[in-house]
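Hydrogens, waters and symmetry mates play no part in the numbers below; they use all other heavy atoms, side chains included.
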Amino acid sequence: MSDQNRNPPDGPGEREEVSAAESEPRPDPGPGSPPADDPSRAGEAFDGVEASPDRALARRIAELLGRAGPAGWLRLNAVFALTTTSGFAEVVYFDGERSIRKEPAAPVLELVSRHRALVAESDGEPWWRLLVELGTAGELEVEYDFGDEPFPEGQLFEPDAYRADLAEYPREALPVWLAAYVGHDNRLSRTPQEAASRARADRMAEVWPVLAENQFPDFPVMWARWACIAAAFVAVRSEWGPRVLPSLGWFESSRRSGSTMYSLPGDRAVLSGGVWDSPDLDAFYNDGAELPNFYAGAPDWVADPVLNPRASTGLLSFVYWWESGRWYRGESPDAADCSTAVPGVWTADTVIDLVAGLVARSPDAEHRAAATALVSAAEAGVVTRGTVTGLFGDETRFDIDGAMYQFSLAGVVATLPQRMPEGEAVFRVRSYIEGRGLDTTGYPLDQLVADRFSCGWMVYVPVPRGEIAIGRAVFYIADDGVLEHSSSSVAPTTFVESFEKRYRERQGA
């Protein structure tokens, strides 16, 4: 089912009610309408095959929609979503330049309801959504949606609507997403209070987590590789691929699986997510199997605020946590069974191939060497703009600033500060003095000057010629922005020596 069946192309749109009278046969439908309905056509061929009753009724519905359309329409798309208690219906007409939305009339809706019951009678299970596409030449496409994929926003009803429908039309099994939607009952959620209580209970019962050796890369490496892939997708201006947010790695695959990885203080992390067709969840929701205890032995900080949103929809299928330099898990599946929900961070070569392939369809040795340098720099935490442009090069074609921002959020950018301009040093010192309301009597701020030393500036107001001042304010500001307040009573050479030492310690030099 294409998005085109649900969303009109760009252009002005209108919404209007179709009256019951408009849905009745008219003598002359005029241009832009299919031939008038003929009861003798009820069993005509449909896509080259004699039409079944449900298909014949679908054509009847389509033709009524066609005759109710505006003059000059070329194609219509209709969507009907039904349960025994709720409904949604919309038809969109296209004339090549614009789209017009209408609500089908009551007689059409009655036929649609009859159609759903007819499908239920013949197939045992009614559709959840009926999609109809009709052209002016009479070409018709009909699709029955049984929920293989989640329904679009606005066409998903409250869980009670589906429960009521299932009571009238029982089904052997539901798609995992729908089964979770109507039956998860918050079983996979874990509030901080529940996390603390369960963690205490696990300790008392001696329930310990599983040491997940050789499952995922060590967290610091995995985090850096995640950032590499995210930056590469941003650089090529793709809406797909993982992303990095503050303390969060986020990923949603094109196959509706996905995960999040939260970085927590104290060298801790939580990786969780869901696989679209998880056998564990399918067995639980559809076969009555026991739900795995994904939190078995988990510490109290593994709770909803750092869990993938699937925890609140019943679709969470794995949880791992990083603590004391190791990955742990409860009753989650092995990493191999979670692979579709996690970006390709498994090895450095995997990441290198991926990012190089984003730059060129057939990357050569030069591309691969540049990608290798970028991945190595990220893992070492020393990415620079030069490292990024070394792979992507053209700053007009690639979003280098966006890529650097991803690396910056991940904390893997080289942190050596650039030399602070003299004007900025004076501005910062002046702001410092004014912001703290320091006494500036005899210390005119418009006369501040700056003298450079190895890692910063000494900023002060010179003593007027012929005067002597003791304890006059002197300010020292380093290239990393750290500012210290001293006075002329301390020899500048002495203060600078200790100031430079503190700067080197901050930079890890």
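- Side-chain atoms of D287 never come within 3.5 Å of backbone atoms of A289 as a donor-acceptor pair (strictly under, hydrogens ignored).
- Remark: R385 engages D401 in a salt bridge, criterion side-chain N to carboxylate O under 4.0 Å.
- Applying the salt bridge (Lys or Arg N to Asp or Glu O under 4.0 Å) criterion to R452, with sequence neighbours excluded, gives D479.
- Applying the ring pair (Phe, Tyr, Trp, His ring centres under 6.0 Å) test to residues at least two apart or on different chains, the pairs with a partner in residues 433-458 are F453-F499.
- With hydrogens and angles ignored, the 3.5 Å screen pairs a side-chain donor or acceptor of S376 with a backbone N or O of T372.
- Of the possible donor and acceptor atoms, none in the side chain of D218 sits under 3.5 Å from a partner among the backbone N and O of V221.
- For the 3.5 Å distance criterion, the side chains of D202 and Y295 fail to qualify, holding no donor opposite an acceptor.
- Residues meeting the side-chain contact (heavy atoms from CB on, under 4.5 Å) test with A491, sequence neighbours left out: T493, T494.
- Paired with L188 under the rule side-chain contact (heavy atoms from CB on, under 4.5 Å), one option of L291, T313, D304 passes, and it is L291.
- Every pair tested for salt bridge (charged side-chain N to carboxylate O under 4.0 Å, His left out) that includes a residue from residues 263-283 fails, sequence neighbours excluded, so the list is empty.
- A salt bridge links R329 with D334: the distance from a Lys NZ or Arg NE/NH1/NH2 to an Asp or Glu carboxylate oxygen falls below 4.0 Å.
- Side chains of Q406 and R243: no donor on one and acceptor on the other come within 3.5 Å.
- Using a 4.5 Å cut-off on side-chain heavy atoms (C-beta onward), F407 and V413 make contact.
- Judged purely by atom type and a 3.5 angstrom limit, D95 uses its side chain to pair as donor or acceptor with the backbone of R98.
- In this structure, the separation between OG on S498 and CD on E500 is 9.0 Å, given to the nearest 0.5 Å.
- A 4.5 Å side-chain heavy-atom check between L178 and V182 finds at least one atom pair inside the cut-off.
- In this structure, CZ on R502 lies 11.5 Å from CG on D480, to the nearest 0.5 angstrom.
- Partner of W128 under the ring pair (Phe, Tyr, Trp, His ring centres under 6.0 Å) criterion, chosen from F146, F88, F157, Y162: Y162.
- Put simply, the side chain of W321 does not reach to within 4.5 Å of the side chain of L271, judged on heavy atoms.
- D349 is linked by a salt bridge (Lys or Arg N to Asp or Glu O under 4.0 Å) to R368, counting only residues two or more places apart in sequence or in another chain.
- Pairs engaging residues 234-274 under the ring pair (Phe, Tyr, Trp, His ring centres under 6.0 Å) rule: none recorded [sequence neighbours left out].
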Step-by-step salt bridge (Lys or Arg N to Asp or Glu O under 4.0 Å) determination, E143 to R129: CA-CA 8 Å; E143 183 177 346; R129 296 197 310 147; over 6 Å; no
Working for salt bridge (Lys or Arg N to Asp or Glu O under 4.0 Å), residues R428 and E424: CA-CA 6 Å; R428 289 195 179 206; E424 181 180 352; 3.0 Å; yes
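- With respect to N308, the side-chain contact (heavy atoms from CB on, under 4.5 Å) criterion is satisfied by exactly one of V319, L315, L316: L316.
- Legend: residues meeting salt bridge (Lys or Arg N to Asp or Glu O under 4.0 Å) with E434, ordered by chain and number and at least two apart, are R430.
- Among residues two or more places apart in sequence or in another chain, the ring-ring contact (aromatic ring centres under 6.0 Å, His included) test is passed with W346 by F216.
- Partners of W226 by ring-ring contact (aromatic ring centres under 6.0 Å, His included), not counting sequence neighbours: none found.
- Of the possible polar contacts, one joining the S431 side chain to the F427 backbone as a donor-acceptor pair under 3.5 Å is found.
- Between the side chain of H367 and the main chain of D364, a donor-acceptor pair closer than 3.5 Å is present.
- Here A179 pairs with L174, Y285, N286 under the side-chain contact (heavy atoms from CB on, under 4.5 Å) rule; sequence neighbours left out.
- Formation of a donor-acceptor pair under 3.5 Å by the W327 side chain with backbone atoms of P217 is found in this model.
- Note that the OG atom of S486 and the CZ atom of R472 stand 14.0 Å from one another [nearest 0.5 Å].
- No side-chain heavy atom of E331 sits under 4.5 Å from any side-chain heavy atom of V210.
- The two residues V270 and V306 come nearest to each other via the heavy atoms CG1-O, 3.5 Å.
- Partners of E194 by salt bridge (Lys or Arg N to Asp or Glu O under 4.0 Å), not counting sequence neighbours: none found.
- For the pair I229/L354, a side-chain contact is recorded, criterion being any heavy-atom separation below 4.5 Å from C-beta on.
- The backbone N or O of V275 sits nowhere less than 3.5 Å from a side-chain atom of S278 that would complete a donor-acceptor pair.
- Checked against the 6.0 Å centroid threshold, Y476 and F495 count as a close aromatic pair.
- Between V359 and V236, every side-chain heavy-atom pair lies at or beyond the 4.5 Å cut-off.
- Checking side-chain atoms of D394 against main-chain N and O of T396 turns up a donor-acceptor pair under 3.5 Å.
- By the ring-ring contact (aromatic ring centres under 6.0 Å, His included) test, F398 is found to be paired with F392, residues two or more places apart in sequence or in another chain being considered.
- Side chains of C338 and P333 form a contact here, defined as non-hydrogen atoms less than 4.5 Å apart.
- Screening E484, M458, H485 against V474 for a side-chain contact (heavy atoms from CB on, under 4.5 Å) leaves a single residue, M458.
- Nearest heavy-atom pair, A356 versus A371, reported as atom, atom and distance to 0.1 Å: CB-CB, 4.0 Å.
- To the nearest 0.5 Å, atom OG of residue S312 and atom NE2 of residue H184 are 7.0 Å apart.
- Atoms OG and CG, from S197 and D300 in turn, are 11.0 Å apart once rounded to the nearest 0.5 Å.
- Residues S253 and T340 fail the side-chain proximity criterion, which asks for heavy atoms closer than 4.5 Å.
- Atom CH2 of W223 and atom CD of E379 lie 15.0 Å apart (nearest 0.5 Å).
- Without hydrogens or angle criteria, T389 side chain to G393 main chain gives no donor-acceptor distance under 3.5 Å.
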